[in-house]
Amino acid sequence: MSDEQPLDVFAARRQKLTELRAAGVEPFPWVFSGAEPIAAVRERHADLEVGVETSVSHRVAGRLAARRGQGKMAFLDLVDRSGRIQLQARVDELGAQRMELLLSLDLGDIVGVDGVAFNSRRGELSLRVTGFEVLAKSLRPPPDKHHGLTDVETRFRHREADLLASEEARALFITRARMISAIRRYLDQNGFIEVETPILQPLYGGAAARPFVTHHNELGRDLYLRIASELYLKRLIVGGLERVYEIGRNFRNEGVSHKHNPEFTMIEYYEAYADYLDVARRFEQLMAFVTREIGYEGPVDFQRPWHRETLAGSIERRTGIDIERHRDRESLGAAMAAKGLPVPETDTWPQLVDELVSKHVEPTLVEPTLLMDYPVEISPLAKRHRDDPRLVERFEAFVNGMEVANAFSELNDPDDQRERFEQQRALAASGDEEAQPYDESYIRALEYGMPPTGGIGFGIDRMAMILTGQRTIREIVLFPAMRD
RNA sequence: GCCGUCGUAGCUCAGCUGGUAGAGCAGCGGACUUUUAAUCCGAAGCGCGUGGGUUCGAGCCCCACCGACGGCACCA
């Protein structure tokens, strides 16, 4: 140890690394077998009384999180994914040399420990260390052991630091994972099969959004990153797979906000011989199942059916404008202007409707709500309503003022689909950058005959936000988009 | 893209109306058969986001840029 120049925190750790090697200790060994989760140890001794010693030995592994005391006896905290446990280090147990080695370890080092369980005088379940092994030297100081990491930028850019410092952060992503696996379980149990469709697509579609474009060198052509998996999944319904789902990443080249990340995880599932009302029931069932499975205890009741209202009714109720009476841009624009609402010049009729919904309806939909029956103009892939050809059989689901799902009776008439694409083409020509491109190959698929089908897509990230009570999507995406 | 706020030691934060920077934790040295965020003593550690400018003097004032956050715009 040099005695003139003070070591900074990084240099001190490097020096300890060197000293470990000099002492014949491998700072990065290959394996540590037989460790049990700390939570399992705690469970085993849950009813151990204060001050009582056992003769049960346990092997655990994790990160050194705190140290109290030194000299002849010290306490250390070890943390693994399942929890935290106190270690008691005693010189009479370990001998002077091993004791010194153990106490010379840095917070953040990964350690494997054998120890005997006992309950301390203060009533804390602890392991008296009988043996230990350095499993990985940490060369970078961990965040403050008490305050943790609070700088959001650092938390998102270096999520590992956030996770290693924060049990809450770990719990959040564990809940997210359990949510996804519960969704899979539900669908698997109900006859759905999981499939994978292209992310790199020659033509994008299935949603209203601007895509990312990339390039394939060998094929010598541009490809799009998918904005949805819808069209491919419905081709699988044509193919007779009957019930399919895909959980995967979609990419939309749009703004970033507390509810938008440029890449996000979406699940879509399609069920042959079902309509959108079946889909609505199944969606409610699925949400009830998932929230039970993850032990959701938030403020929203997902065990009940969702509120339902029609889209047109929801707009009229809140703005007094009846979009069914104003079915062209001119007329709707005038009606909005009459109410003193702004009417963006370049907006097409569908965009004005979208404006009314997102500004005046969506924010009010805090309780789980399904908005039913959308105008055909803004739903080019949905089947016409059986009672009103100007509408489609479609619903969107909302919670906490946020859209979480979009579903419909799928359009399976290839001629009608062709006309819808034509309309989209016209919208694109009038400046709608999100109009859906004409997909000939999809029409061709429909011509083989697609059974009546119900389908839905919903955002996993937004669902996770709602079920974990997070305000922003960045909290629930491990590595959210950041500028360079 | 626009407006506002913010960017100080590894981490969490102070820094009054401009006078060349501090604390706690962590780290380092030492003491103590000891604990539950912080035992005690001691010695360290900061290019104050980047680049300009004003000033005798700038972490504090001005400009530009970068990044983050919030709002708006945009966006299922």
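Lettering follows sequence order; numbering is per chain, from 1. We use all heavy atoms of the structure for the numbers below, so side chains are in, but hydrogens, waters and symmetry mates are not.
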Write down the distance between [atom1] ([X]) and [atom2] ([N]), rounded to a whole number of angstrom.
| X | N | atom1 | atom2 | answer |
| --- | --- | --- | --- | --- |
| A:H146 | B:A26 | NE2 | P | 12 Å |
| A:M99 | B:C32 | CE | C1' | 12 Å |
| A:R67 | B:C32 | CZ | P | 18 Å |
| A:D354 | B:A73 | CG | P | 13 Å |
| A:H258 | B:C72 | NE2 | C1' | 12 Å |

Subject >> A:L332: which of A:D322, A:V353, A:V343 passes side-chain contact (heavy atoms from CB on, under 4.5 Å) >> reply: A:V353
Subject >> Cation-pi, A:F118 ring and A:R128 (6.0 angstrom, 45 degrees) >> reply: yes
Original post:
Just checking A:R157: base, sugar-phosphate only, or nothing, at a heavy-atom cut-off of under 4.0 Å?
Top reply: sugar-phosphate
What's the closest nucleotide to the [X] side chain, out of [options]?
| X | options | result |
| --- | --- | --- |
| A:D151 | B:U12, B:G10, B:U33 | B:U12 |
| A:L149 | B:U12, B:A73, B:U36 | B:U12 |
| A:E254 | B:U36, B:C75, B:A73 | B:C75 |
| A:D144 | B:C25, B:A26, B:G71 | B:C25 |
| A:H147 | B:U12, B:U35, B:C11 | B:U12 |
| A:L107 | B:C28, B:A26, B:U12 | B:A26 |

**OP:** Enumerate the residues from residues 117-126 of chain A whose closest heavy atom to RNA chain B is under 4.0 Å, giving them by residue number; use none for an empty result.
**Re:** A:S120, A:R121, A:R122, A:E124
**OP:** Measure the acute angle between the ring planes of A:F395 and A:F283, then classify it against the limits of 30° and 60° as parallel, tilted or perpendicular.
**Re:** tilted
Subject >> Exam field: side chain A:E410 to backbone A:G455, donor-acceptor pair closer than 3.5 Å >> reply: yes
